[in-house]
Amino acid sequence: MNNSLSAKQRMAIPRAEMPTIDPKVRCGNFDEVNLGLSMVQAVKEARRCLQCKGRDCVAGCPVQVSIPEFLNALAAGDLPRAAQILLNDSALPAICGRVCPQETQCEALCVRAKKGEAVAVGHLERFVADWAMAHPEQVGMEKAKFSSSKKVAIIGCGPAGLTAAGELARWGPEVTIFEALHETGGVLRYGIPEFRLPKAIIDAEVARLKELGVIIECNVIIGRTLSLEQLREQFDAVFIGNGAGLPVMLNMAGENLKGVYSANEYLTRVNLMGAGRDPSSPTPIIRGRQVAVIGAGNTAMDCVRTARRLGAERAMIVYRRSEAEMPARQEEIEHAKEEGIELVTLTQPLSIRGNEQNWVAGLHCQVMTLGDADESGRRRPTPVAGETFELAADVVINALGTRPNPLLTATQPDLLLDEWGNICADENCVTSLPGVFAGGDIVRGGATVILAMGDGKKAAKAIDRYLWGLDQPSAMASR
Amino acid sequence: MFKVIENQLLAPHLHRLVIEAPRIASARQAGQFVIVRSGDGGERIPLTIGDANRSRGSITLFIQAIGAGTRKIAETEPGSYIQDIAGPWGQPTHLEKWGRVACVGGGVGTAVLFPLVRALHEAGNQVTSVIGGRSRDFIILEEELARFSAKVVVATEDGSYGRQGFVTLELAEMLEDPLRCPDAVFAVGPVPMMKAVCEQTRPAGIPTIVSLNPIMIDGTGMCGGCRVQIGGQAKFACVDGPEFDGHLVDFASLIDRLSMYKDHECRLVS
Ligand SMILES: Cc1cc2nc3c(=O)[nH]c(=O)nc-3n(C[C@H](O)[C@H](O)[C@H](O)COP(=O)(O)OP(=O)(O)OC[C@H]3O[C@@H](n4cnc5c(N)ncnc54)[C@H](O)[C@@H]3O)c2cc1C
Ligand code: FES
């Protein structure tokens with residue numbers, strides 16, 4: 001395909017628009033909202049890339065995907081080549097293409113964003129990754145390159161664990177993933193809804209790992225079923241990627257009323273257990289008519305859009321700052337608004353009110369205003385004296401965030417933790433315990449899929465070196 | 001996949017399942033539970049580990065088959081498999097040598113009580129087990145409990161077996177008799193029963209431990225759905241419990257939260 005365009009010609013191409021399911025239709029189902037670019041759209045969009053020398057987009061990517069290179073191959077219509085470049089840099093591109101906050105990463109630094117719109121790197125990543133999944137024979141299936149007698153245990157089957165396992169398996173050691181739940185995927189499975197990340201993608205990823213020889217054992221809780229000590233005896237190295245699975249409670253009056261959920265509980269019921277989504281699921285969920293979700297991150301957006309799909313007439317985000325400060329991905333906020341989600345901003349809930357039967361009746365709220373910027377650069381919300389109001393709701397979902405779950409770490413006093421309970425690990429994911437590595441949310445606190453994946457990759461490299469005695473057992477311990 | 005080795009009907013709807021689960025068998029301690037899912041699409045159901053045999057690599061579960069999910073698990077025949085069993089979850093029973101301990105069990109709670117009785121006995125306590133049920137058919141594990149109890153007292157509501165009335169009747173008499181008054185009480189059963197026991201022991205300040213059964217999903221502390229109010233603080237029963245100081249439990253809130261999906265269950269069972 002002819003890819004020899006002048007900069008001017010490239011500049012003249014408008015940014016491709018992602019086709020989506022009509023908002024009215026999609027509020028009634030859990031189908032993926034984004035339909036994906038067509039081949040013609042994708043190639044055209046890839047040609048918007050100026051192939052600039054700066055390659056700032058790459059610096060914006062937490063795992064430094066060779067973005068200009070894969071875009072160049074795509075612009076030339078060479079999909080196998082584009083896929084090879086992408087898969088070489090990113091372990092889970094079909095997932096990252098869907099859930100990464102591109103507007104604050106690669107796309108934020110795209111030169112084209114300075115005067116107009118960035119190249120739609122995320123959409124293109126998704127396009128190439130989906131093509132690769134559909135055409136494995138053209139990409140060339142990876143095989144385990146070598147085999148060795150070394151054994152590695154991975155704790156947790158989220159993006160960090162899956163990535164570490166995939167990398168390691170190619171280099172020889174026998175890899176076993178231990179997962180506490182009955183299903184793989186971590187937050188990708190129980191947290192992020194189908195309408196944003198179809199579970200078939202996780203299934204395909206897991207199938208690929210199994211083909212590489214990775215053993216996945218669900219229903220095994222490290223710290224309970226088996227101890228970390230047992231793993232250290234039975235394996236040559238251990239990677240901990242057990243996430244940040246502990247909800248931050250609201251600590252406000254009314255939290256125990258019926259109809260109050262943590263985001264984790266709400267999403268787990270619907271996503272993992274099929275409540276309200278699969279008619280044959282025995283797991284119940286309260287379908288609210290008026291659902292108030294406290295928070296404005298990705299999790300909050302996932303909850304509120306799920307509530308909408310479960311039939312809520314009013315599905316609301318209740319947030320103490322304004323829309324501009326919302327931490328969710330831009331696309332989620334836009335999709336939410338298209339779906340009729342109400343953004344109740346500059347509102348701080350003070351308590352949850354109940355009725356005589358102890359069911360949620362509403363939120364008692366404080367009106368806020370934005371003051372000066374705080375350390376994070378966001379304007380600080382302050383209460384407007386005397387201005388409170390009542391917001392009617394029959395389901396309230398707390399999406400304030402998560403903290404590290406101490407289930408595993410509490411069993412291992414020698415494992416160095418920070419003041420929040422996250423595992424201390426250096427830039428190579430080395431912890432204070434020899435042969436034990438950690439990455440993802442358990443190290444960073446609630447972060448992102450791409451960072452967890454990046455950690456999994458780095459840890460795999462460090463583990464490989466450790467297995468062959470190329471590194472000191474523990475850099476952390478000697479600090 | 002976990003193989004069912006034995007499946008015995010002990011009382012109407014009450015099954016005793018022995019299941020191959022070597023890792024859980026060697027890791028578990030008294031008071032802990034597993035989460036069981038019969039197969040694809042099944043609910044995650046918390047069940048107390050009734051007993052375990054390390055050398056055989058098996059655990060014993062007592063299952064009251066009342067809901068759709070428990071029925072499916074209880075119907076698994078020997079030689080067949082249960083898809084998912086995860087655990088052991090929860091804190092082990094806090095064991096101490098109190099001296100005289102009363103273990104009060106109601107209905108299927110008696111099954112939860114059994115491992116506690118055994119552990120308390122093995123810790124050197126003199127255990128009196130007081131177990132109750134609607135009628136004779138609902139009295140379970142009497143013989144098994146007798147092996148680890150100095151005395152087993154049975155109470156049935158209709159008087160068809162043992163003494164007539166609630167288990168609290170027997171406990172009231174024990175509390176009044178200086179020779180039988182317990183130094184600690186363990187109570188497991190319907191919430192109103194546990195609440196009544198706690199009210200009985202509160203005036204004399206006798207340590208009373210109850211095992212709570214809020215609605216759970218994951219069991220890992222991830223969802224917070226199992227939260228209970230203990231001394232004014234929210235605790236997650238799956239990781240901080242399921243046993244708590246009964247005198248600190250907010251039973252009203254527990255009863256309330258347990259009723260959250262009542263309508264749903266009804267629809268499901270009929
Ligand atoms: C609803 C929601 C939406 C999100 N949306 C986005 C988004 O759009 N974009 C984005 O980049 N990020 C998003 N995130 C954040 C992202 O999902 C996480 O940062 C990422 O999943 C962390 O990966 P992880 O592998 O560290 O942990 P997890 O995905 O949490 O996986 C950890 C796994 O370990 C298991 N485990 C825990 N303890 C044990 C144990 N003791 N033994 C064995 N197994 C154990 C858990 O069951 C779990 O499966 C979202 C998070 C949530 C909750
Ligand atoms: S069952 Fe989810 S936190 Fe206890």
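Residue numbering restarts at 1 for every chain, and letters A, B, ... go by the order of the sequence lines.
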Which atom of B/Cys223 lies closest to which atom of A/Ser262, heavy atoms considered: O-OG, 2.5 Å
B/Arg44, part contacting chain A, at a heavy-atom distance under 4.5 Å: both
Per-residue contact mode, A/Glu183 against chain B (heavy atom under 4.5 angstrom): neither
Leading residue by heavy atom contact count with chain B [cutoff under 4.5 Å; candidates A/Gln230, A/Arg269, A/Met249]: A/Arg269
Among B/Ala21, B/Gly224, B/Gly41, B/Ala86, residue most engaged with chain A (heavy-atom pairs, under 4.5 Å): B/Ala86
Contacting region of A/Thr225 [heavy-atom separation from chain B under 4.5 Å]: both
A/Lys199, NZ atom: more than 12 neighbouring heavy atoms under 6.0 Å: yes
When A/Met273, A/Lys258, A/Gln357 are compared by non-hydrogen pairs under 4.5 Å with chain B, the top option: A/Lys258
Partner chain A: residue of B/Asp256, B/Val239, B/Asp218 with the largest heavy-atom pair count (under 4.5 Å): B/Asp256
Exceeds 12 heavy-atom contacts within 6.0 angstrom, atom CZ of A/Arg289: no
Contacting region of A/Asn405 [heavy-atom separation from chain B under 4.5 Å]: side chain
Distance-minimising heavy-atom pair for A/Glu255 and B/Arg257: O-NH1, 4.5 Å
Pick from A/Leu267, A/Asn251, A/Val260, A/Asn398 with the largest number of heavy-atom pairs that fall under 4.5 Å of chain B: A/Val260
B/Thr220 versus A/Ala180, closest heavy-atom pair with distance: CG2-CB, 4.4 Å
Approximate separation, where rounding is to 0.5 Å, of B/Trp89 CH2 and A/Leu407 CG: 6.0 Å
Contact winner vs chain A - B/Ile35, B/Asp250, B/Ile217, heavy-atom pairs under 4.5 Å: B/Ile217
Portion of A/Tyr190 that has a non-hydrogen atom of chain B nearer than 4.5 angstrom: side chain
Pairwise side-chain contact, A/Pro284 with B/Glu43, heavy-atom cut-off 4.5 Å (strictly under): yes
A/Leu257, part contacting chain B, at a heavy-atom distance under 4.5 Å: backbone
Short N-O contact, A/Glu217 and B/Arg23, less than 4.0 angstrom: yes
Side chain / backbone / both / neither for A/Val220 at chain B, heavy atoms under 4.5 Å: side chain
Option passing side-chain contact (heavy atoms from CB on, under 4.5 Å) with B/Met222 (candidates A/Leu246, A/Thr268, A/Val187): A/Thr268
Closest non-hydrogen atom pair between B/Gly90 and A/Arg224, with its separation: O-NH1, 2.7 Å
B/His247 atom NE2: more than 12 heavy-atom contacts under 6.0 Å: yes
Contact origin within B/Gln83 toward chain A - heavy atom pairs under 4.5 Å: backbone
Heavy-atom contact with chain A under 4.5 Å, split by part of B/Ile215: side chain
Residue among A/Asn264, A/Asp278, A/Leu272 with most heavy-atom pairs under 4.5 Å to chain B: A/Asn264
Side chain / backbone / both / neither for A/Leu181 at chain B, heavy atoms under 4.5 Å: both
Under 3.5 Å side-chain donor-acceptor pair for B/Arg227 and A/Asn256: yes
